Amino acid sequence: MIWLLMGIVIVIIIVVLLFPVTIRARSSGPEGIIDGSLSISWLTLAIQYELKKKQTDILILGRTLIHQQYKEKKPGTKDIKKSVKSRSIPPVQDFTPMIGPLMRLIRDLLSIFKFRHLKLDIIYGLEDPAYTGMLTGYIHALPGQYNISFTPDFTQPVLDWDLDLATAFTPITVIVPITKFATNPRVLRSGWRIIRN
């Protein structure tokens, strides 16, 4: 009976992990003012963050469950920091064997993201119009992918953008790269050395 229940729980977890997580980002920077939002949704759960309003919302079935507004600190107020006992930092050579597997992990994790939508409009200009022209030449030499447009402004230094990005990944696909990283002999040896020291 216990094995049956465990099997059912494992099957439910696997099925849930097959549903994609969608990440949506919007950002704009007109006249140097950065604005934007980030939302992550999975099944009935959604987390939204708005940069301008400095607020985070957690929603279930479209209804706000938690609303957090971040207030700006008044000038002159100081953070009270708790005294932390100084700990010795492990030597750099303990981390160097992990660099290769870590770079492979980052590459594998980035490859699981599937772009659903990407639109980017950039208006740029440098102080010298000649530099703006050279930058435009370099940009046009790049291979064209997605829906990205660059508009040079030869009259003034400026950087404005409008970004709309949607990407998704399936949580179960994260398990394989993380398992490969965690079971890598070099990572295990380095981790054991760091823990032992």
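Just so it is clear, the model here is predicted, and its values are computed rather than measured. Side chains included, hydrogens not; waters and symmetry mates left out as well; all remaining heavy atoms used.
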Classify the side-chain pair Asp121/Ser149 by whether it contains a donor and acceptor separated by less than 3.5 Å. yes
Hey, are Thr22 and Trp42 close enough side-chain-wise for a donor-acceptor pair under 3.5 Å? no
Is the side chain of Thr64 donor-acceptor paired with the backbone N or O of Leu59 at a distance under 3.5 Å, no angle test? no
Please check if the side chain of Gln69 supplies one atom and the backbone of Lys53 the other of a donor-acceptor pair under 3.5 Å. yes
Should Val174 and Leu109 be marked as a side-chain contact (heavy atoms from CB on, under 4.5 Å) after you check the CA-CA gap, both sets of side-chain angles, and the distance that decides it? CA-CA 7 Å; Val174 176; Leu109 289 176; 4.0 Å; yes
Do Tyr49 and Ser39 have a side chain donor and acceptor closer than 3.5 Å? no
Does CD belonging to Gln156 count more than 12 external heavy atoms closer than 6.0 Å? yes
May I ask you to check whether Tyr124 and Thr151 show a side-chain donor-acceptor distance below 3.5 Å? no
Separation between CD1 (Ile112) and OG1 (Thr170), nearest 0.5 Å, reads 8.0 Å
What about Met98 and Leu105, same hydrophobic cluster or not, with Ile/Leu/Val/Met/Phe/Trp/Tyr joined at side-chain heavy-atom distances under 4.5 Å? yes
What's the shortest heavy-atom distance between Asp160 and Gly29, and which atoms? OD1-O, 3.0 Å
List in chain and number order the residues that pass ring-ring contact (aromatic ring centres under 6.0 Å, His included) with Phe113, two or more places apart in sequence or in another chain; answer none if no residue qualifies. Phe169
Roughly how far apart are Leu118 CG and Leu165 CG, rounded to 0.5 Å? 5.5 Å
Between Arg26 and Asp164 (salt bridge meaning N to carboxylate O under 4.0 Å), is one present in this structure? yes
Does CZ belonging to Arg63 count more than 12 external heavy atoms closer than 6.0 Å? no
Might you point out which heavy atoms bring Leu188 and Ala182 nearest each other, and give the distance in Å? CD2-O, 3.2 Å
Could you report the tightest heavy-atom contact between Phe150 and Ile148, atom names first, then the distance? CE1-CG2, 3.5 Å
Could you check Ile2, Val9, Ile8 and say which one makes a side-chain contact (heavy atoms from CB on, under 4.5 Å) with Met6? Ile2
Ile194 CD1 to Arg189 CZ distance, which is reported to the nearest 0.5 Å: 13.0 Å
Is a side-chain donor or acceptor of Ser111 paired with a backbone partner of Asp108 at a separation under 3.5 angstrom? yes
If hydrophobic residues (ILVMFWY) are linked whenever their side-chain heavy atoms come closer than 4.5 Å, directly or via other members, who joins Ile58 in its cluster? Leu45, Ile47, Ile60, Leu61, Leu65, Ile66
From CA spacing to verdict: side-chain contact (heavy atoms from CB on, under 4.5 Å), Ser190, Phe95: CA-CA 6 Å; Ser190 296; Phe95 292 98; over 6 Å; no
On a heavy-atom basis, the closest approach of Leu17 and Ile175 is CD1-CD1, 4.2 Å
Looking only at heavy atoms, the pair that brings Pro101 and Arg186 closest together is CD-NH2, 3.6 Å
Test His67 against Gln55 for side-chain contact (heavy atoms from CB on, under 4.5 Å), laying out the working first. CA-CA 7 Å; His67 175 77; Gln55 69 181 29; 3.3 Å; yes
Calculate, to the nearest 0.5 Å, the distance between atoms CE and CG belonging to Met134 and Asp128 respectively. 7.5 Å
Show me the pairs that pass side-chain hydrogen bond (donor to acceptor under 3.5 Å, both in side chains) and involve residues 174-185, at least two apart or across chains. none
Within 6.0 angstrom of Phe154 CZ, more than 12 heavy atoms from elsewhere: yes
CD1-CZ distance between Ile106 and Phe181, expressed to the nearest 0.5 angstrom: 8.5 Å
Side-chain contact, heavy-atom cut-off 4.5 Å: Val16 with Leu43? yes
Let's go through Leu5 and Trp3 carefully: what are the C-alpha distance in whole Å and the side-chain angles of both, what is the deciding distance for side-chain contact (heavy atoms from CB on, under 4.5 Å) to 0.1 Å, and is it a yes or a no? CA-CA 5 Å; Leu5 287 173; Trp3 292 108; over 6 Å; no
Nearest 0.5 Å, what's the CD-OG distance between Gln48 and Ser41? 8.5 Å
